[in-house]
Amino acid sequence: MRFSRTLIPTLKEIPSEAELISHQLMLRAGMIRKLAAGVYNFLPLGLKVIKKVEKIIREEMDRIGAQEVLLPGIQPAELWRETGRWDIYGKELLRFKDRHNRDFCLGPTHEEVITDLVRREVRSYRQLPLFLYQIQTKFRDEVRPRFGLMRCREFGMKDAYSFDADEKGAQESYQKFYQAYLKIFSRIGLQVKAVEADTGPIGGSLSHEFTVPADAGEDAIAHCLGCGYAANLEMVHCPVVSQAREAERDLEKVHTPGVKRVEEVASYLNVSPQNLVKTVLFKTEKGMFAALVRGDHEVNPLKLRKFQRAQEMELVEELAADQGEKLPLGYVGPVGLEVPIVADQALQSMGNFVTGANKADYHYLNVNVGRDFRPDAWADIRTAQPGDLCPRCSQRLNFVRGIEVGHCFYLGTKYSHSLRATFLDAQGKERDLLMGCYGIGIGRTVAAVIEQSHDDQGIIFPLALAPFQVIIVPLNCERKQVVEVAEKIYQELAGRDIEVLLDDRDERAGTKLKDADLLGIPLRVTVGEKSLRQGSVELRERASLEVRLVKAEDASREVLLWLENNSVSP
Ligand code: ATP
Ligand code: MG
């Protein structure tokens, strides 16, 4: 490919719309352009990289016996009503009506559609296990589309589904996908961690996220260096640490004017935040309740919502005037509280603590569970934090941030049951199919690669993903010999099916070299007058920045050799 004939609109400046390095570099390298919030055009370079990821995924899916299908983006509401998700998926689901006033949505995922297909076509245990996958566009009206391809409203996903006759088979299928995922990410050149995760609105009982450790990641992960345990932070179980409680002292109401936040109260009363109990009000479809956690702990909304078996749960940030008198926000506490209380287990070993007094500008000292109030329930409702111990082996946990690029869910009969997707077993008995589903975000994976692999000059593509393997840069296109040598190497490599970009633009040498670094092409062949005087051209590795001179006539052979030595075999 000749640079002068391509649409690779590189940018010198960092676009102000982009915070994240991967987003900045994809814009600067001319890979993508924004059309609307979370909606992107893929330019030739961007699309080439996307296709490389897709190719690796296809190969590994095919290898475990998954078959590719293509399901529609438009999905009828009836199917979503059958599983009940039409009502619970919320605003992320892009809904529309057709000309006959029938409800449809743009698919954010395809469990309903694939299960519908399989319930119609699969009859017998003899057809199982069955693995189907597709690479297709998904639509999700995200609350906060951002960070370029990381969180889009329209994005490419590989989604696969497994169908099995029994639990053992289904678990084996899950393992096959899990292993295939490790292979895919290793071939792509991404370091991922498989972490235990929540099953979210998709449901089911076993779930792993494949997460790329990166400071820019939106997910927090806890992992243990001792036993290898790794989980999404929101999932980490916080074991009860039992401690002896001191003798109870008398309850005392103290004046704390204008002092609301934990740190303020702690410093005003000269106690540690660990001696405080926070009372946080939440609302679900079933009504309001209070959650109690230790002052230095945070309520974990996911654990809490699950414990309450609520579909929707939100923080109470404002109250009607008459409610506000009884529940003065900032001063709410469990003593005499008229809403149900869920207390975090960590409170079991606390005594003589500080809480709000349900009266503006007042707190209680020396509150004790049992004597002063009784929670309606005890549960693990807090988020793990630095200092916490591993729930498996009790070593200290580590915390990192990460980008979720893939996800495996074991679904069991969640969808097959509601959609009545059954098969006949060997005894002729009708049973629900056992399912798993497995997603990889294509664009997010590319963004994660760049997040993990770049320097201050630009992208450093792993060879397996690079849009071009080699770039040839003739430094001065006015010199006949320079152009001829560059052209010859270009022809030789192109003739060997190497993806090679010839920078034949009439640009300054500095611009060309900068662009070559920005695009992250793994190997650069620089053809300049000075080295040509010795009959040489320069080979430079993008990743190591190592430079060596080779004879101009050997250049293409040297490039081929380098490519062979640096390719990761599938
Ligand atoms: P998140 O927690 O980041 O919203 P999710 O749990 O909703 O992700 P899944 O439904 O498991 O994601 O989707 C499978 C994969 O699709 C994810 O692992 C991720 O790589 C990708 N993905 C999900 N949402 C988006 C998005 N808005 N933009 C780009 N990729 C996405
Ligand atoms: Mg999501």
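Counting convention: from 1, in listed order, for ligands and their atoms alike. What you see below is based on every heavy atom in this structure, not just the backbone, and it leaves out hydrogens, waters and symmetry mates.
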Handout entry: Sub-4.0 Å heavy-atom approach of T445 to ligand 1
Key = no

Handout entry: Among R85, E112, E82, side chain to side chain donor-acceptor pair (under 3.5 Å) partner for Y415
Key = R85

Practice task
State which residues pass side chain to side chain donor-acceptor pair (under 3.5 Å) with E142; sequence neighbours excluded, sorted by chain then number.
Solution key: R151

Exercise for the section: Begin with the C-alpha distance, continue with both residues' side-chain angles, and end with the deciding distance and a verdict on salt bridge (Lys or Arg N to Asp or Glu O under 4.0 Å) for E54 and K158. Expected result: CA-CA 8 Å; E54 293 181 351; K158 185 286 297 179; over 6 Å; no

Problem - ligand 1 versus R151: contacting region, heavy-atom distance under 4.0 Å - result: both

Problem - Contacts of S544 that satisfy side-chain contact (heavy atoms from CB on, under 4.5 Å) - sequence neighbours left out - result: E541, E546

Handout entry: From the candidates M157, E404, M150, the one that places a heavy atom nearest atom 18 (O) of ligand 1
Key = E404

Handout entry: Those atoms of ligand 1 less than 4.0 Å from some heavy atom in V405
Key = 18 (O), 20 (O)

Handout entry: Backbone or side-chain N or O of G441 under 3.5 Å from ligand 1 N or O
Key = yes

Exercise for the section: Could you tell me if the ring centre of F423 sits under 6.0 Å from that of F163? Expected result: no

Fill in the blank from the handout: Numbered in order shown, the ligand 1 atoms found under 4.0 Å of a heavy atom of E142 are 24 (N), 26 (C), 27 (N)

Problem - Polar contact flag for C152 and ligand 1 (N/O pairs, less than 3.5 Å) - result: yes

Handout entry: Ring center gap for Y178 and F210 short of 6.0 angstrom
Key = yes

Completion exercise
Counting from 1 in the order shown, the ligand 1 atoms closer than 4.0 Å to a non-hydrogen atom of L149 are 29 (C)

Practice task
Going by heavy-atom distance to atom 23 (C) of ligand 1, choose the closest among H407, R153, R140, K158.
Solution key: R140

Practice task
Side-chain contact test, heavy atoms from C-beta onward, threshold under 4.5 Å: evaluate it for Q308 versus V342 and give yes or no.
Solution key: yes

